[in-house]
Amino acid sequence: MILQDKIAAQLPERLNRVRALAKEHADIVVDHVTIGQIVGGMRDIKSLLTDISFVDPVLGIHFRGMSIPEVLKSLPKGRGNQMPLVGGLYYLLMVGEVPTREQALEVEAEWSQRAVVPDYVYKMIRSMPRETHPMTLFSQATLALQNESVFTQRYFDGMKRDEYWSAALEDSLNLTVRVMMIAAYIYRLKYFGETKKPKYNPRQDFAGNFARMMKVEDRKGYAELMRQYFIIHSDHESGNVSAHAMHLVGSALSSPYYSFSAAMNGLAGPLHGLANQEAVRWLIEVKTQFGGVPSREQLRQFAWDTLNSGQVIPGYGHGVLRAVDPRFTAQLEFAKTHFPDDELVRLADLVYSVVPDVLREQGKAKDPAPNVDAVSGTLQYYYGIRNFKFYTVLFGIGRALGVTANYVWSRALGMPIERPKSLTTEMLERAAAEAKQPA
Ligand code: NMX
Ligand code: MLT
């Protein structure tokens with residue numbers, strides 16, 4: 001299998017490099033930790049290793065060294081498509097090279113062979129109360145899939161350490177396509193009462209299958225959007241809540257399914273992935289209050305009212321970025337190219353021209369610019385996906401690509417169980433007092 005062969009070929013060299021760091025340079029200091037960081041969400045502490053993606057605070061995410069525009073331009077595309085094949089992105093994340101079209105199609109073919117969701121998963125979803133949030137169903141369904149884990153099975157059969165990564169790759173290829181199908185099932189069940197199980201069509205790519213399973217009217221347009229969507233949402237280095245949860249849980253050798261379910265529980269938080277649902281809810285509130293797109297002054301006031309009531313403006317701000325998120329730019333460009341006159345797109349664009357100044361005036365947010373979530377739901381809304389509680393599930397399908405690639409490489413490189421050290425308040429106070437004493 002192509003990903004297996006490519007990773008195996010790179011592994012000896014990668015292992016040597018990481019082992020050399022661990023053995024020969026273990027004492028080299030790369031960062032120091034302040035009390036502010038300990039009580040401030042560990043912001044900016046350089047303490048995670050990944051070669052799969054890196055976030056530059058100004059330039060944004062780079063997948064294997066490539067920016068979003070470079071990735072969208074360079075990855076191979078299916079015949080007649082503007083946006084790249086998702087299989088090509090998975091290859092890039094896993095292997096670190098831009099694949100040929102044939103190589104990207106090999107990954108797509110792997111998915112089509114693995115696109116089977118056991119019936120008990122669907123049954124479990126159906127048995128939940130109707131009002132259950134789609135993210136709860138999505139996380140539960142992933143957890144239920146743990147039953148299928150090749151990694152867990154082989155671990156308890158006595159698998160050797162240097163085989164962990166290939167068992168993890170098996171699970172990852174299965175997981176990525178299965179959670180996509182589960183997501184479509186949740187959507188059709190929850191909002192249309194349909195119980196028919198989705199079927200994967202091997203003649204369509206990953207995103208094409210998703211668009212068909214979702215039964216969106218403009219399937220072709222939606223498939224193009226979702227190619228871009230899944231690619232840009234795949235990874236955002238390793239410190240964000242979902243990626244870090246996946247890494248942390250995986251470091252205990254919990255399977256990719258256990259770990260991904262944990263990642264999705266983190267993504268479901270309003271300060272993380274759920275912000276995409278909240279951003280559209282906020283736009284709709286604006287539209288409802290003003291009966292359409294408001295004036296700049298009305299919008300400014302609305303934004304201030306949100307801040308004054310103690311709430312955040314969803315889709316704005318970031319823990320690492322200090323400039324407009326290139327994922328936001330890519331999506332806004334897509335909307336402006338394909339449906340520039342859409343009312344919600346015009347409103348999202350107006351918000352973009354008003355809210356950063358309001359946040360700057362307030363002076364609290366370190367990054368007053370829009371992030372990925374500011375506009376992603378607006379594009380879904382255009383294609384008729386209007387139940388915005390579903391939006392974070394879409395983020396989850398994309399995120400599966402990045403976090404599973406990281407899981408595979410963490411096992412390949414023999415990353416140990418993660419276990420940082422705690423201190424008490426008193427210890428920190430003592431450290432502060434000692435630091436203030438004259439030498
Ligand atoms: N609206 C209002 N206040 C904000 C915003 C915002 N969009 N962004 C930051 N702040 C506040 C923040 O709440 C904090 O206030 P306080 O000191 O009272 O606790 C202050 O500004 C400083 O926060 P930062 O250091 O700038 O941001 P931090 O790294 O702590 O948090 C986010 C980053 C993304 C959680 C924060 O910007 C936020 O809550 N944004 C809105 C929710 C959102 O869009 N989340 C999605 C992020 C992307 N993703 O998909 O995960
Ligand atoms: C992400 O994509 O995970 C978000 O932008 C959050 C982050 O990077 O902290």
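A quick note: this is a predicted structure, and the numbers were derived from the prediction, not measured. We count ligands from 1, going down the list as the structure has it; atoms in each ligand are counted the same way. Positions are given from 1, in the same order as the sequence printed here.
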Any idea how [X] and [Y] line up, ring-wise: parallel (<30°), tilted (30 to 60°), or perpendicular (>60°)?
| X | Y | value |
| --- | --- | --- |
| Tyr185 | Tyr122 | tilted |
| Tyr164 | Phe151 | perpendicular |
| Tyr391 | Phe388 | tilted |
| Phe290 | Phe302 | perpendicular |
| Phe334 | His338 | tilted |

So is Leu271 polar-close to ligand 1, meaning N/O to N/O under 3.5 Å? yes
Gln311, any N or O under 3.5 Å of ligand 1 N or O: no
Smallest separation among heavy atoms of Trp111 and Phe206, with atom names: CE3-CD1, 3.4 Å
Restricting to non-hydrogen atoms, name the atom on Val30 and the atom on Lys46 that form the minimum distance, rounded to 0.1 Å. CG2-O, 4.3 Å
Could you see which bit of Asn240 sits under 4.0 Å from ligand 1, with heavy atoms only: side chain, backbone, both or neither? neither
Taking heavy atoms and a distance under 4.0 Å, where does Leu359 meet ligand 1: side chain, backbone, both or neither? side chain
Would you find a donor on one side and an acceptor on the other, under 3.5 Å apart, between the side chain of [X] and the backbone of [Y]?
| X | Y | answer |
| --- | --- | --- |
| Asn406 | Gly402 | yes |
| Ser149 | Leu145 | no |
| Gln103 | Thr100 | yes |
| Arg296 | Ser353 | yes |
| Gln380 | Ser376 | no |

Looking at [X], which atoms of ligand 1 are within less than 4.0 Å of one of its heavy atoms?
| X | answer |
| --- | --- |
| Gly315 | 43 (C), 44 (O) |
| Phe395 | 50 (O) |
| Arg43 | 28 (P), 29 (O), 30 (O) |
| Ala275 | 43 (C), 44 (O), 45 (N), 46 (C) |
| Gly319 | 29 (O), 33 (C) |

To the nearest 0.1 Å, how far is [atom] from its closest protein heavy atom, and which atom is that?
| atom | answer |
| --- | --- |
| atom 1 (N) of ligand 1 | Ile313 N, 2.9 Å |
| atom 16 (P) of ligand 1 | Lys364 CE, 3.7 Å |
| atom 51 (O) of ligand 1 | His272 ND1, 2.7 Å |
| atom 49 (N) of ligand 1 | Asp373 OD2, 3.2 Å |
| atom 8 (N) of ligand 1 | Ala365 CB, 3.7 Å |
| atom 3 (N) of ligand 1 | Val312 CG1, 4.0 Å |
| atom 7 (N) of ligand 1 | Tyr316 O, 2.7 Å |

Between [options], which one has a non-hydrogen atom sitting closest to [atom]?
| atom | options | answer |
| --- | --- | --- |
| atom 34 (C) of ligand 1 | Gly317, Ala374, Gly310, Gly41 | Gly317 |
| atom 2 (C) of ligand 1 | Thr392, Leu307, Asp44 | Leu307 |
| atom 26 (O) of ligand 1 | Arg399, His318, Lys366 | Lys366 |

Are any of the side-chain heavy atoms of [X] and [Y] separated by less than 4.5 Å?
| X | Y | result |
| --- | --- | --- |
| Glu285 | Thr288 | no |
| Val351 | Trp282 | yes |
| Ser238 | His247 | no |

As a test of the contact definition, would [atom] count as having a protein heavy-atom neighbour under 4.0 Å?
| atom | value |
| --- | --- |
| atom 19 (O) of ligand 1 | no |
| atom 14 (C) of ligand 1 | no |
| atom 47 (C) of ligand 1 | yes |

Taking the six-membered ring for Trp and the full ring for Phe, Tyr or His, determine whether the centres of Tyr383 and Phe339 are under 6.0 Å apart. yes
So that I know where these two stand, are His272 and His244 an aromatic pair - ring centroids less than 6.0 Å apart? no
Hey, which residues fall under 4.0 Å of ligand 2 on heavy atoms? His236, Asn240, His272, His318, Arg327, Phe395, Arg399
